[in-house]
Number of protein chains: 2
Amino acid sequence: MESELVIRALGALAQEHRLALFRLLVQAGPEGLAAGAIAEALGVPASSLSFHLAQLTNAGLIAQRRDGRSLIYSADYAAMNALVGFLMENCCGGAACAPTAACVVEPKDERKSA
Amino acid sequence: MESELVIRALGALAQEHRLALFRLLVQAGPEGLAAGAIAEALGVPASSLSFHLAQLTNAGLIAQRRDGRSLIYSADYAAMNALVGFLMENCCGGAACAPTAACVVEPKDERKSA
DNA sequence: TCCATGATTCGATAATCGTGGAAATATCAA
DNA sequence: TTGATATTTCCACGATTATCGAATCATGGA
């Protein structure tokens, strides 16, 4: 993960509604939530929410998929892990610190090629 | 760590110079670096750097101490760990994910009471 | 006390961001 | 098609942020 993307990710999270939104999706798991459900949960007007969803999407923190009329958003755990890894990289010059942080989502049906 | 502080921390990190600055301090370890040394390393004017240092300090991400005429800044690892923990909290509804992330700095001389 | 050094505060300016209603765009069902 | 629902795009506004030179403050040495 390169620094420019990291900045976009941090900037995306550095906002009341978006932080709540991202955490909501993190806790919702891979299933995700529809935009409408999110708007209701957060109490944010649809147009504002859409703006925030776009910010998070653009930062690579969440993914979007369609289900009928609904757009389902879900957290991208790999991006979250990469972000955390970037921050802690070479912590203490690599001395005593060997930080590891990862939220590993068990794949349901699909197989990763790597 | 409560959400308002987390937002300040994320906002503080979501900026080119400040992200580079924080990472510089994370990698420098508990010793820290003087403001002048940081300014030189980053190629940022003193007044600008001071502004950024204040942002990070205000967010609780770095600490300041004086050594003669120099002000030494160092990363607050506990704050960094708390920030990461907050983001990953209850990941996937607590299901399969047990994320742990911590950069533990070995205490030099002092003992923690907790 | 006087001076040099390290760093912060002040102030003005330009740029970016968050907001939410109205209009436009998808999708589905009849 | 027509209509209803789900969501996004457009737009204009106020608010916040980043920048950096000049002035100021703090420290230590002579």
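Chain identifiers are assigned alphabetically (A, B, ...) following the order of the sequence lines, protein sequences preceding nucleic acid strands; residue numbering begins at 1 within each chain. Since we're looking at a predicted model, the values are computed, not measured.
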Pairs of donor and acceptor atoms involving the side chains of residues 39-57 of chain B, under 3.5 Å and at least two apart or interchain, shall be tabulated with distances.
{"residue": "H52(B)", "atom": "ND1", "partner": "R18(B)", "partner atom": "NH1", "Å": "3.0"}
{"residue": "T57(B)", "atom": "OG1", "partner": "L53(B)", "partner atom": "O", "Å": "2.8"}

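- The shortest non-hydrogen separation linking V26(B) to Y77(B) is O-OH, 2.8 Å.
- Rounded to whole angstrom, the span from the CG atom of L56(A) across to the P atom of dC17(C) amounts to 14 Å.
- Taking atom CZ on R65(A) and atom P on dT27(C), their separation rounds to 16 Å, with Å as the unit.
- Distance CG (L42(A)) to C1' (dG20(C)): 16 Å, rounded to an integer number of Å.
- Partner L19(B) forms a side-chain contact (heavy atoms from CB on, under 4.5 Å) with one of R23(B), Q15(B), E16(B) and no other, that one being R23(B).
- In this structure, the CG atom of L10(A) is 14 Å from the P atom of dC17(C), given to the nearest Å.
- Taking all atoms of both residues into account, the shortest heavy-atom contact from P30(B) to R65(B) is O-NH1, 3.9 Å.
- Atom CD of residue Q64(A) and atom CD1 of residue I72(A) lie 10.0 Å apart, to the nearest 0.5 angstrom.
- Look at CD1 on I38(A): it is 14 Å from P on dA6(D), rounded to the nearest Å.
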Heavy-atom protein contacts under 4.0 Å, nucleotides 7-21 of chain D, coded B base, S sugar-phosphate only, - none: SBB--------SBBB
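- No donor-acceptor distance shorter than 3.5 angstrom exists from the side chain of D67(A) to the backbone of S70(A), with no hydrogens or angles considered.
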